[in-house]
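For ligands, and for the atoms within them, numbers begin at 1 and follow the listed sequence.
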Amino acid sequence: MNKLKIAIQKSGRLHDDSLKILKDCGISVDNGKDQLKASVVDFPMEILYLRNSDIPQYLEDGVADVAIIGKNVLIETQKELEVVENLGFSKCRLSLAVPKRESYTSKKYLEGKRIATSYPNTLKKFLKENNIHAELHIISGSVEIAPNIGLADAVCDLVSSGSTLFNNGLREVEKILDSEACLAVSPAINTEKKQILDELLFRIRAVLKARRSRYILLNAPNEKIEEISNILPVLKSPTVLPLVTEGWSSLHSVINKDDFWKVIDKLKAAGAEGILVIPIEKMVI
Ligand code: PRT
């Protein structure tokens, strides 16, 4: 039987969350990451543990059918690989940063400067689009120290919390791109494996939708149901169930998790009580 070969990062920032999303999709991986390959018992799939930076080539060659990979790496390798889903973890941005003491007012500051980076292709494209001529210093790690040791005037690197830049006396001045983990597909994938991918995608989307949503329950006086229903940012109208206490009902619905704090004060002011917000495991609409 055909098995979908999925590449995930062998070790590093993407590894644990990649296995977690597969687990949430009901796919449990058999053996540890010390192997190059791992089998899966409950889904027609095989795991290939690879370096993040090597994955685009394996996809292009058809050695892996799909992969969980940082979008920044796909963009940097400039390969025509289709992204079928953004996975919502390992979020970061590729940014330019300069020493804090420098007065940076516009991109023109970068003209003629030396910029250290591990992302030369993405940086070159940005500089070209902005008609800036700069000298690139390509280094594979610890880019942030380049200005302190006199190697560069600026850096172009991934940023998530910003603390690495801060600790090295640098200030983020331009964002070049946003990145997150994504599911990318090999151009060589065959029809049978494409069907397995569709099943995987169905599960992943149910998991992602659930991660972004919350189940909300609240009690409300009957005369306030309409007002409260209008405040709740829900897809459809809420379920209303009568409480034993006369004149009161329980409203149940699903909301976007980020919207809850925006409406909580309005819900309370409209008379909502006993508000519960609960995680959802899977969501199929
Ligand atoms: O070795 P391999 O090729 O497998 O992987 P890698 O060297 O690309 O590995 P890894 O594990 O460091 O990064 C894997 C992916 O995680 C990256 O390609 C990004 O898609 C994603 N990611 C998310 C990050 C970060 N956030 C991140 N903050 N990758 C690196 N960083 C580094 C950044 O380079 C800088 O040194 O963290 C530092 C900045 O972090 P903050 O929080 O201080 O801003």
Novice: Which atoms from ligand 1 have a heavy atom of Ser90 less than 4.0 Å away?
Specialist: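 It comes down to these atoms of ligand 1: 23 (C).
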Novice: Should you measure from each heavy atom of Val73, which atoms of ligand 1 turn up under 4.0 Å away?
Specialist: 18 (O)
Novice: For Glu223, I'd like to know if atom CD has over 12 heavy atoms of other residues, nucleotides or ligands within 6.0 Å.
Specialist: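 More than 12 heavy atoms, drawn from other residues, nucleotides or ligands, come within 6.0 Å of this atom.
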Novice: Considering only non-hydrogen protein atoms, determine which one is nearest to atom 5 (O) of ligand 1 and report residue, atom name and distance to 0.1 Å.
Specialist: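 Sorting protein heavy atoms by distance from atom 5 (O) of ligand 1 puts Gln9 NE2, 3.1 Å first.
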Novice: Determine, for Phe166 and Lys100, whether the Lys NZ or Arg CZ falls below 6.0 Å from the six-membered ring centre while staying within 45 degrees of the axis.
Specialist: yes
Novice: For the 3.5 Å polar cut-off, considering only N or O atoms, please tell me whether Leu14 and ligand 1 meet it.
Specialist: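 N/O-N/O distance below 3.5 Å does not exist for this pair.
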Novice: Would you call the rings of His252 and Tyr215 parallel, tilted or perpendicular if under 30° counts as parallel and over 60° as perpendicular?
Specialist: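 His252 and Tyr215: perpendicular rings.
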Novice: May I ask you to list the atoms of ligand 1 that are less than 4.0 angstrom from any heavy atom of Asp157?
Specialist: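 Selected atoms, number and element: 33 (C), 34 (O), 35 (C), 36 (O).
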Novice: Does atom CD (Glu129) have a neighbourhood of more than 12 heavy atoms from anything else shown, all under 6.0 Å?
Specialist: yes
Novice: Backbone N or O of Lys113 within a donor-acceptor pair of the Glu135 side chain at under 3.5 Å?
Specialist: no
Novice: Could you check atom 26 (N) of ligand 1 against the protein and tell me its nearest heavy-atom contact, residue, atom and distance included?
Specialist: Cys92 CB, 3.4 Å
Novice: When you look for heavy atoms under 4.0 Å from ligand 1, do you find them on the side chain of Leu158, its backbone, both, or neither?
Specialist: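 Both the backbone and the side chain of Leu158 come within reach of ligand 1.
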Novice: Give yes if a backbone or side-chain nitrogen or oxygen of Arg51 is under 3.5 Å from a nitrogen or oxygen of ligand 1, and no if not.
Specialist: yes
Novice: How far is atom 3 (O) of ligand 1 from its nearest protein heavy atom, and which residue and atom name does that atom have?
Specialist: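 Answer for atom 3 (O) of ligand 1: Ser53 OG, 2.8 Å.
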Novice: Using a 4.0 Å heavy-atom threshold (strictly under), name the region of Thr164 that reaches ligand 1: side chain, backbone, both or neither.
Specialist: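 It is both backbone and side chain that touch ligand 1.
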Novice: Counting non-hydrogen protein atoms only, what is the nearest one to atom 20 (O) of ligand 1? Give residue, atom name and distance.
Specialist: Asn72 OD1, 2.6 Å
Novice: What's the shortest distance from atom 28 (N) of ligand 1 to any protein heavy atom, and which residue and atom give it?
Specialist: Ser160 OG, 2.9 Å
Novice: Using a strict cut-off of 4.0 Å, indicate which atoms of ligand 1 neighbour a heavy atom of Gly70.
Specialist: 20 (O)
Novice: State whether the shortest distance between N or O atoms of Lys71 and N or O atoms of ligand 1 falls below 3.5 angstrom.
Specialist: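 Min N/O separation from ligand 1 is not below 3.5 Å for Lys71.
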Novice: Working to the nearest 0.5 Å, report the span between CD1 of Ile69 and CG of Leu87.
Specialist: 11.5 Å
Novice: For Gly12, counting its heavy atoms only, list the atoms of ligand 1 lying under 4.0 Å from any of them.
Specialist: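 Selected atoms, number and element: 11 (O).
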Novice: Give the atoms of ligand 1, by number and element, whose distance to some non-hydrogen atom of Val159 is under 4.0 Å.
Specialist: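 Listed by number with element, the hits are 44 (O).
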Novice: For atom 7 (O) of ligand 1, decide whether some protein heavy-atom distance is shorter than 4.0 Å.
Specialist: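 Within 4.0 Å of atom 7 (O) of ligand 1, no protein heavy atoms are found.
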Novice: Salt bridge check, Arg114 against Asp153: does any charged N sit closer than 4.0 Å to a carboxylate O?
Specialist: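 Salt bridge between Asp153 and Arg114, a charged N being under 4.0 Å from a carboxylate O: yes.
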Novice: Please determine, by modelled atom types, if Ser118 and Asp157 share a side-chain donor-acceptor pair under 3.5 angstrom.
Specialist: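 No, no side-chain donor-acceptor contact under 3.5 Å.
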Novice: So if I count the atoms of ligand 1 from 1 in the order they appear, which ones are less than 4.0 Å from some heavy atom of Ser161?
Specialist: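 So the answer, numbered in order with elements, is 41 (P), 42 (O), 43 (O), 44 (O).
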Novice: Judged on heavy-atom distance to atom 35 (C) of ligand 1, which of Glu172, Arg13, Glu144 sits nearest?
Specialist: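 Minimum heavy-atom distance to atom 35 (C) of ligand 1 goes to Glu144.
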Novice: At less than 4.0 angstrom from any non-hydrogen atom of Asn52, what atoms of ligand 1 do you find?
Specialist: 2 (P), 3 (O), 4 (O), 5 (O), 8 (O), 14 (C), 15 (C), 17 (C), 18 (O)
Novice: Same cluster or not: Ile27 versus Ile47, using hydrophobic residues (I, L, V, M, F, W, Y) connected whenever any side-chain heavy atoms lie under 4.5 Å apart?
Specialist: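 Linked within one cluster.
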Novice: Are more than 12 heavy atoms from other residues, nucleotides or ligands located less than 6.0 Å from atom NZ of Lys266?
Specialist: no
Novice: Between Glu199 and Leu4, is there a side-chain heavy-atom distance shorter than 4.5 Å?
Specialist: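 The answer is no; the side chains never approach within 4.5 Å.
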Novice: Establish, from distance only, whether the side-chain atoms of Thr164 and Glu144 form a donor-acceptor pair under 3.5 Å.
Specialist: no
